[in-house]
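Structure, as structure tokens:
Just so you know, residue 1 is the first one in the sequence shown, and it goes up from there.
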Amino acid sequence: MKERPLILVVDDDPRAHKVMRAHLVRCPYTLVCVESAMMAWAHIARRIPDVVILDVMMPDVDGFDLCAQLREHPEMRHVPIVMVTALDSRECVLEGLRAGADEFLVKPVHGAELRARLRNLVKVKAYHDLLAEQRAMAEAQLLSMRELLLRADKLAQLGTFTASVGHELNNIASVLDALVTLIDLEWTEDGEVDSVNLEGLKSV
């Protein structure tokens, strides 16, 4: 059974967690709320989320820094990040975008807007996961084909070598057969071989 999309909320205010749960209670998501960057990393180590919702103002690591750190993680580069803040300013939005955020919401968060944005972002993440899976399958098939081609090339080289050896053996066998035939023909009555004809054999 396919797991429900995981939404990770990072906010040091427990009241914000309650608001998020109230807004998303009927949505087909698994919602995990944590209060710090350290707790967020602990959950990410267990399962990569489908969307991360970050509060900007936090005591240990603020949302901008955490967003930038998440973007440096190989498995988090394509996970949509939504930043939630009470700071409604162009500078705040630009800083969030520079850190790697995909969306911005201003507190108090409107439930319908949150659900609509999450619905779109979950689709984006699912589409990216599908592309990554197809890419991995294509790379595996390509590697398998390369191995088959290398094996076929080695067999072809072995076949060429075997044919060459067989040709040389046939030449040797022909010479030996000619020698035996010539000896039989040139054997004299007194039990000696005609040396002249043996000299002629050297050119065979």
(message) Please evaluate residues L54 and F64 with respect to the criterion side-chain contact (heavy atoms from CB on, under 4.5 Å), reporting the C-alpha separation (whole Å), side-chain torsions for both, the decisive distance (0.1 Å), and the verdict.
(response) CA-CA 9 Å; L54 291 180; F64 299 128; over 6 Å; no

(request) Identify the heavy atoms of A101 and C67 that sit nearest to each other, and give their distance. (result) N-SG, 3.5 Å

(message) Would you compute the distance between atom CG of L8 and atom CD1 of I53 and round it to the nearest 0.5 angstrom?
(response) 8.5 Å

(message) Would the distance check show the side chain of H23 and the main-chain N or O of H110 forming a donor-acceptor pair, the cut-off being under 3.5 Å?
(response) no

(message) What's the separation between atom CG in L130 and atom NE2 in H128, rounded to the nearest 0.5 Å?
(response) 10.5 Å

(request) Find out whether H78 and D129 are in side-chain contact, i.e. whether some heavy atom of one side chain is under 4.5 Å from a heavy atom of the other. (result) no

(request) Measure across G96 and M83 and return the closest heavy-atom pair with its distance rounded to 0.1 Å. (result) CA-SD, 3.9 Å

(request) For D55 and V10, indicate whether the former's side chain and the latter's backbone hold a donor-acceptor pair under 3.5 Å. (result) no

(request) Please examine the side chains of Y29 and L6, heavy atoms only from C-beta on, and report whether any two atoms are closer than 4.5 Å. (result) no

(request) Report yes if the side chains of M20 and L114 come closer than 4.5 Å at any heavy-atom pair, otherwise no. (result) yes

(request) Please name the residue in the list M76, K125, H43 that meets the side-chain contact (heavy atoms from CB on, under 4.5 Å) test with P49. (result) M76

(message) Checking the side chain of R115 only, and the main-chain atoms of C27 only, is there a donor and an acceptor separated by less than 3.5 Å?
(response) no

(message) Any heavy-atom pair between the side chains of T85 and C92 that's under 4.5 Å?
(response) yes

(message) Are V56 and V84 packed together at the side-chain level, in the sense that at least one heavy-atom pair is separated by less than 4.5 angstrom?
(response) no

(message) Within the structure provided, determine whether E95 and R98 are in side-chain contact (heavy-atom separation under 4.5 Å).
(response) yes

(request) Check R77 against E72 and note the closest heavy-atom contact, atom names and distance. (result) NH2-O, 4.0 Å

(request) Side-chain contact test, heavy atoms from C-beta onward, threshold under 4.5 Å: evaluate it for V82 versus P80 and give yes or no. (result) no

(message) Please find the pair of heavy atoms, one from A37 and one from V61, that lie closest to each other, and give the distance.
(response) CB-CB, 4.0 Å

(message) Between D50 and I7 (side chain of the first, backbone of the second, donor and acceptor by atom type, cut-off under 3.5 Å), is there such a pair?
(response) no

(request) For the residue pair M57 and D62, establish whether any side-chain heavy-atom pair is separated by less than 4.5 Å. (result) no

(message) Applying side-chain contact (heavy atoms from CB on, under 4.5 Å) to K123 and L121, what does each step give before you reach the verdict?
(response) CA-CA 5 Å; K123 288 181 180 178; L121 292 175; over 6 Å; no

(message) If I take atom CD1 from residue I48 and atom CD from residue E75, how far apart are they, to the nearest 0.5 angstrom?
(response) 4.5 Å

(message) Quick check on the hydrophobic clustering: are L24 and V19 connected, directly or via other members, by side-chain heavy-atom contacts under 4.5 Å?
(response) no

(request) Over all heavy atoms of both residues, which pair between L97 and F104 is shortest? Give the atoms and the distance, please. (result) N-CE1, 4.4 Å

(message) Please give me the minimum heavy-atom distance between R4 and R47, naming the atom from each residue.
(response) O-NH2, 2.7 Å

(request) Before giving the answer on salt bridge (charged side-chain N to carboxylate O under 4.0 Å, His left out), spell out for R117 and D102 the whole-Å C-alpha distance, their side-chain angles and the decisive distance to 0.1 Å. (result) CA-CA 10 Å; R117 290 178 185 265; D102 298 282; over 6 Å; no

(request) I would like to know whether H73 and V79 meet side-chain contact (heavy atoms from CB on, under 4.5 Å); could you show each step before the answer? (result) CA-CA 10 Å; H73 190 285; V79 174; over 6 Å; no

(message) How long is the straight-line distance from CG of D13 back to SG of C33, given to the nearest 0.5 Å?
(response) 11.0 Å

(request) Under the side-chain contact (heavy atoms from CB on, under 4.5 Å) rule, what do V9 and L31 come out as? Steps first, then yes or no, please. (result) CA-CA 7 Å; V9 178; L31 185 64; 3.6 Å; yes

